[in-house]
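Atoms within each ligand, like the ligands themselves, are counted from 1 in listed order.
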Amino acid sequence: SYTIDNQTTVNPLLTQMQATNIGQTIVDLSAITNRYYTTTGGTTGSNWIKNKWTSLASGRSNVTVEQFTHAAFPQKSVILTIQGSDNASEVVVLGGHQDSINTAGTTETTRAPGADDDASGIASLTEAIRVMLASNYQPRRTIKFIAYAAEEVGLKGSAEIAKKYKTDGVKVVGVMQLDMTNYKGSAKDIYLYTDYTNAAQNTFVANLISTYQPTLTVGNDSCGYGCSDHASWHAQGYPTSMPFETTMNESNPKIHGTGDTYANMGSQANHALKFGRLAASFAVELGSDGP
Ligand SMILES: N[C@H](Cc1ccc(I)cc1)C(=O)NO
Ligand SMILES: [Zn+2]
Ligand SMILES: [Zn+2]
C-alpha cells in the first residue's frame, strides 16, 4: 500500500538537500577522463563512489558499503545498504549508473565526462544518502542505493545484480532508477516513463511529487526499449519507476560524447535537486513501512 505518511521525517530532509553538493559530485566524477566499464577510469570512478559513500556512512553501525565484483568486466558496482529494523527482509532499491561512454569509441584516454549521463543521477542519490544518514534515519525495511557498472554497454551491471537478487529470493518491493537528472530540456520538471516500469508505483511516485514538491510539474513518456537499468529489474518481475529529466524527443543531445559536461548544463544542479528530493521521499516513504 503506497501510503504517504512520513511528512515529519521527509520534509526536514528535503530542506537540508543542496544543489551545490550535487554539483560538486558531478564535477568530481566528470573530471575523471572516462568511467568506461573496462578502463582504469572506470575503476577510479567506482572507487571514488565507494569512498564517498563510505565517508557518509561512517559512524552508522547498520550501514554498509560494498563493491559488487562482476564476472565479465573489471568495473565494480557499488552498493550502500541501510539495514532495516523490524521489516528488514523487504528491500527498497534506488539506483543510477556510474559508467560513461563516448560512442566514437572509448579507450583509456578517450574523454567521456558523462556529467548528465549519469554522474547527475549518482549525485542526486548521493545527496539523498547524505541527509538520510546525517539525520540518523532508521528505516523498518532495508534500503539499498546502487551505483551500477556497465549500463552503457547493455545494462550489464544491473542485469547481473537483478538476476542474483531474484535467484536469492530477495523481496525487493520497489526500484527507482535515476539516469540523467540535470538537463532541463522540456517544459515539465519530471517525466515518469511508462514502459519497463510499474503503473501503480508510478502513481505513487507522482503522488510523492505532488505531496513533497507541489510546485513541480509532471509528465509521462516512453523509451520504446530498455533504456536504462530499471529494465533489468523489470525483467525479473520487480516494480520499477524511472523519473527522467526530459521527454524522449528533447533529451540531452550532448550525451555519449565530450560535450556532456557540467558547464554545458549551466554549471548548476537545480534540476538534479528535484530528483534527489524525489529519491529521498521515495526511500523514506517506502522504507518506513512495517511488515
Ligand atoms: N539510452 C539512454 C539514454 C536515454 C534514456 C532515455 C531517454 I528518453 C533518452 C536517452 C542511455 O544512454 N543511458 O545511459
Ligand atoms: Zn547513456
Ligand atoms: Zn544513462
Side-chain angles (χ1 to χ4, degrees), residues 22 25-26 29-30 32 34-39 41-42 45-46 49 73 75 77-78 94-106 110-126 146-159 161-162 175-197 202 205 218-235 240-262 264-265 271-272 275-276 279:
I22 297 173
T25 297
I26 294 171
L29 282 172
S30 57
I32 302 168
N34 64 67
R35 302 187 306 277
Y36 194 58
Y37 79 121
T38 57
T39 65
S46 178
I49 295 165
F73 49 85
Q75 189 176 53
S77 296
V78 183
L94 300 93
H97 70 85
Q98 59 173 271
D99 62 314
S100 72
I101 193 169
N102 185 321
T103 44
T106 316
T110 311
R111 190 77 176 99
D116 193 31
D117 190 13
D118 185 27
S120 67
I122 299 298
S124 296
L125 294 173
T126 299
I146 308 180
Y148 305 110
E151 184 273 348
E152 299 286 10
V153 287
L155 319 182
K156 292 183 188 301
S158 58
I161 292 170
V175 182
M176 175 172 279
Q177 174 73 357
L178 294 186
D179 187 356
M180 298 162 62
T181 65
N182 200 43
Y183 173 78
K184 176 79 167 66
S186 298
K188 294 180 175 177
D189 293 297
I190 298 180
Y191 291 83
L192 303 180
Y193 275 64
T194 56
D195 51 348
Y196 303 89
T197 60
N202 288 342
V205 171
V218 180
N220 293 116
D221 206 345
S222 59
C223 285
Y225 68 104
C227 60
S228 195
D229 296 300
H230 58 295
S232 293
W233 294 98
H234 184 77
T240 78
S241 292
M242 189 182 76
F244 194 76
E245 65 186 6
T246 63
T247 63
M248 180 95 183
N249 294 336
E250 296 169 311
S251 67
N252 187 346
K254 300 277 189 181
I255 65 169
H256 301 169
T258 58
D260 183 2
T261 61
Y262 190 54
N264 279 340
M265 295 186 286
H271 202 43
F275 292 85

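- A heavy-atom separation below 4.0 Å is not found between Y191 and ligand 1.
- Among all non-hydrogen protein atoms, the one lying nearest atom 1 (N) of ligand 1 is Y225 OH, 2.7 Å.
- The aromatic rings of W233 and Y148 lie tilted to each other, with the angle between the two planes from 30° to 60°.
- The Zn ion (ligand 2) has H256 among its coordinating residues (N/O/S atom, backbone or side chain, under 2.8 Å).
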Evaluate side chain to side chain contact (heavy atoms under 4.5 Å, CB included) for I49 paired with I122, printing each intermediate quantity in order.
CA-CA 9 Å; I49 295 165; I122 299 298; 4.0 Å; yes
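- Side chains of D179 and S228: a donor-acceptor N/O pair is present below 3.5 angstrom, by distance only.
- Numbered from 1 in the order shown, with element, the atoms of ligand 1 that lie under 4.0 Å from a heavy atom of E152 read 11 (C), 12 (O), 13 (N), 14 (O).
- Shown are K254, E250, E245; of these, the side-chain contact (heavy atoms from CB on, under 4.5 Å) with Y183 is made only by E245.
- Nearest non-hydrogen protein atom to atom 14 (O) of ligand 1 is E151 OE1, 2.6 Å.
- Selection from C227, G226, G121, G96 by nearest heavy atom to atom 2 (C) of ligand 1 gives C227.
- Side-chain contact, D195 with S222: no donor N or O sits under 3.5 Å from an acceptor N or O.
- Here the protein heavy atom with the shortest distance to atom 7 (C) of ligand 1 is F244 CZ, 3.5 Å.
- When only non-hydrogen protein atoms are considered, atom 4 (C) of ligand 1 lies nearest to M180 SD, 4.0 Å.
- Using a 4.0 Å cut-off between heavy atoms, C223 contacts ligand 1 through its side chain alone, with no backbone atom that close.
- For ligand 1, the atoms sitting less than 4.0 Å from at least one non-hydrogen atom of Y193 are 8 (I), numbered in the order shown with element in parentheses.
- In this model, a donor atom of one side chain and an acceptor atom of the other lie less than 3.5 Å apart for H97 and D117.
- In D117, the N, O or S atom that comes nearest to the Zn ion (ligand 2) is OD2.
- Residue D179 places a heavy atom under 4.0 Å from ligand 1.
- T39 and N34 share a donor-acceptor pair across their side chains, judged by distance under 3.5 Å alone.
- Considering every non-hydrogen atom in both T247 and S186, the closest pair reads N-OG, 3.0 Å.
- Residues T240 and Q177 fail the side-chain proximity criterion, which asks for heavy atoms closer than 4.5 Å.
- Below 3.5 Å of separation, one finds an N or O of H256 facing an N or O of ligand 1.
- No side-chain donor-acceptor contact under 3.5 Å links T25 and T126.
- Near M248, the atoms of ligand 1 lying under 4.0 angstrom from a non-hydrogen atom of the residue are 8 (I).
- Comparing D229, L155, D117 against atom 11 (C) of ligand 1, the shortest heavy-atom distance belongs to D117.
- Distances from the Zn ion (ligand 3) show that D179 has an N/O/S atom below 2.8 Å.
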